[in-house]
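Each remark here refers to the structure printed beneath this line.
All values below come from the heavy atoms of this structure, side chains included, with hydrogens, waters and symmetry mates left out. We number each residue from 1, following the sequence as shown.
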Amino acid sequence: MRRAVGHLRKSDPILRAIIERIGPCRMQFGSPEFHSLAEAIVYQQLNGKAAETIFKRFAALAGDPLGPAGILKLSDEQMRGAGLSKQKSAYLKDLAAKTAAGLLDFARLPNLPDAEVIEHLTQVKGIGVWTAQMFLMFSLKRENVLPTGDFGVRMAMHRHYLDVQRARTGKQSAAGKKGRKRKIKLPSPEQMEKIAKRWEPYRSVACWYLWRSLDTKTL
């Protein structure tokens, strides 16, 4: 991690200022297993406290360690009683069924390139590219992931790179000049790739700092 932070400090003065403000990188990692992906599904579109409560209830019902068999034995009523929506219950059942059938093989994932991990995980209902990228970053510990669809990363890039650049060049909209609140235009994937080019091969670590710069809770 020290090597990654050192590289980012040298390669990008904007990120260097963010690193100096936040301090050491303290990314927390989970295991690249079934349990982590099931947890990711439960946490989708929920705040941390509510998701944690629901996941604990669900895991208590499904059994420890959490596995496909324990989920498949649960009825829809039991899953609803734990606080899971009908949609998330279906996603978790699909994850369990595909894992039990051998279609999803967690043992293979550490040896697959990033693109193949994403392809492998997104065969499960409810697992999109963003969730697969979070699994890459925080479970498989891949250091060079850039989640271009992540709102926090996009907002941080807008704030620290694009907005600052506009201010320096004097490019301000008519609304801004009149004091009206202007509409924020978040960076496109192409703009994000260009900004992040200098961070390679440690884009995941850079993204962690961008999240922290917005006081966004990270995994």
Give a yes or no on whether the ring-centroid distance for Phe106 and His120 is below 6.0 angstrom.
-> no
CD (Gln45) with more than 12 external heavy atoms under 6.0 Å | no
State which residue, out of Leu109, Ile118, Leu121, fulfils the side chain to side chain contact (heavy atoms under 4.5 Å, CB included) condition with Leu136.
-> Ile118
Would you please test Leu61 and Arg57 for side chain to side chain contact (heavy atoms under 4.5 Å, CB included) and show each step?
-> CA-CA 6 Å; Leu61 286 172; Arg57 286 187 202 142; 5.8 Å; no
For the side chain of Thr122 and the backbone of Val129, is there at least one donor-acceptor N/O pair under 3.5 Å apart?
-> no
Could you tell me which non-hydrogen atom of Ile127 sits nearest to which non-hydrogen atom of Thr131, and how far apart they are?
-> CD1-CG2, 3.8 Å
Which pair of heavy atoms, one from Arg21 and one from Ser213, lies closest together, and at what distance?
-> NH2-CB, 3.7 Å
Before accepting this row, confirm whether a basic side-chain N of the pair Lys56/Glu52 lies closer than 4.0 Å to the acidic partner's carboxylate O.
-> yes
After noting the C-alpha distance and the side-chain angles of Phe55 and Leu66, does the key distance pass the side chain to side chain contact (heavy atoms under 4.5 Å, CB included) rule?
-> CA-CA 11 Å; Phe55 184 74; Leu66 182 64; 3.9 Å; yes
More than 12 heavy atoms of other residues, nucleotides or ligands under 6.0 Å from NZ of Lys125: is that the case?
-> no
Partners passing side chain to side chain donor-acceptor pair (under 3.5 Å) against Arg154 (at least two apart in sequence or in another chain) | none
Closest non-hydrogen atoms of Tyr91 and Val124, given as atom of the first, atom of the second and distance, are O-CG1, 4.2 Å
Residue pair Cys25 / Met1: nearest heavy atoms and the distance that separates them | SG-SD, 3.7 Å
Take atom CD in Gln123; do more than 12 heavy atoms of anything else shown fall under 6.0 Å from it?
-> yes
Arg198 to His7 - nearest heavy-atom pair and separation | O-NE2, 3.3 Å
Gln191 side chain vs Ser188 backbone, donor-acceptor pair below 3.5 Å = yes
Is there side-chain contact between Leu72 and Lys93, with heavy atoms separated by less than 4.5 Å?
-> yes
Might you point out which heavy atoms bring Leu74 and Ala62 nearest each other, and give the distance in Å?
-> CD1-CB, 4.1 Å
